[in-house]
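Structure record follows, encoded as C-alpha cells.
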Amino acid sequence: MAETLLKLSDLNVGFNEDLVQNVSLEVRSGEIIAVLGQSGIGKTTLIRTIAGLLRPRQGSVELQLPEDGGLGYIPQRLGLVRNASVYHNVNLGARAS
C-alpha cells in the first residue's frame, strides 16, 4: 500500500467565514489530484492552508514529506520567468530552498 503523504480531516478554511467546509482527503504517494471550481469558492485558500500559509478554521492538515523532497507552492501572481517552461520555473524554486 502506498504511503499517505497528505491527510485532510474535517477541514474548514476561510477568513471571516468558511469558504470550504468539511474536506476529508488522503493523497498517497504516486497520486495526482486537481482542485477545480469557479472563481472565488476557496481553491487558493485551501491550497494556501495545505502549504501552511493560513491556519484552518477547523480540522487538521497532516503532511508526511519524504526526506529528499518537500512541498512547493507557486502563487498565481508571482513574478515567474517569462517565456520559460513550467518545469524551469518550478525548478528555480526547488533550487532556492
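- For D10, the salt bridge (charged side-chain N to carboxylate O under 4.0 Å, His left out) criterion is met by no residue, not counting sequence neighbours.
- Residues satisfying the salt bridge (charged side-chain N to carboxylate O under 4.0 Å, His left out) test with R28, not counting sequence neighbours, are E26.
- In terms of the side chain to side chain contact (heavy atoms under 4.5 Å, CB included) criterion, residue partners of I33 (sequence neighbours excluded) are, by chain and number, L25, V27.
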### Message
Before you tell me yes or no, could you show the steps for I50 and L6 under side-chain contact (heavy atoms from CB on, under 4.5 Å), namely the whole-Å CA-CA distance, both residues' side-chain angles and the distance that decides it to 0.1 Å?
### Response
CA-CA 9 Å; I50 292 169; L6 170 66; 4.0 Å; yes
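- With N12 contributing its side chain and D18 its backbone, the two residues share no donor-acceptor pair below 3.5 Å.
- Applying the side chain to side chain contact (heavy atoms under 4.5 Å, CB included) criterion to E3, with sequence neighbours excluded, gives L5, Q64.
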Contacts table for residues 35-49: side-chain donor-acceptor under 3.5 angstrom, sequence neighbours left out:
from	atom 1	to	atom 2	distance (Å)
K43	NZ	G37	O	3.1
K43	NZ	Q38	O	2.8
T49	OG1	T45	O	2.8

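- Under the side chain to side chain contact (heavy atoms under 4.5 Å, CB included) criterion, S60 pairs with S9, E62, not counting sequence neighbours.
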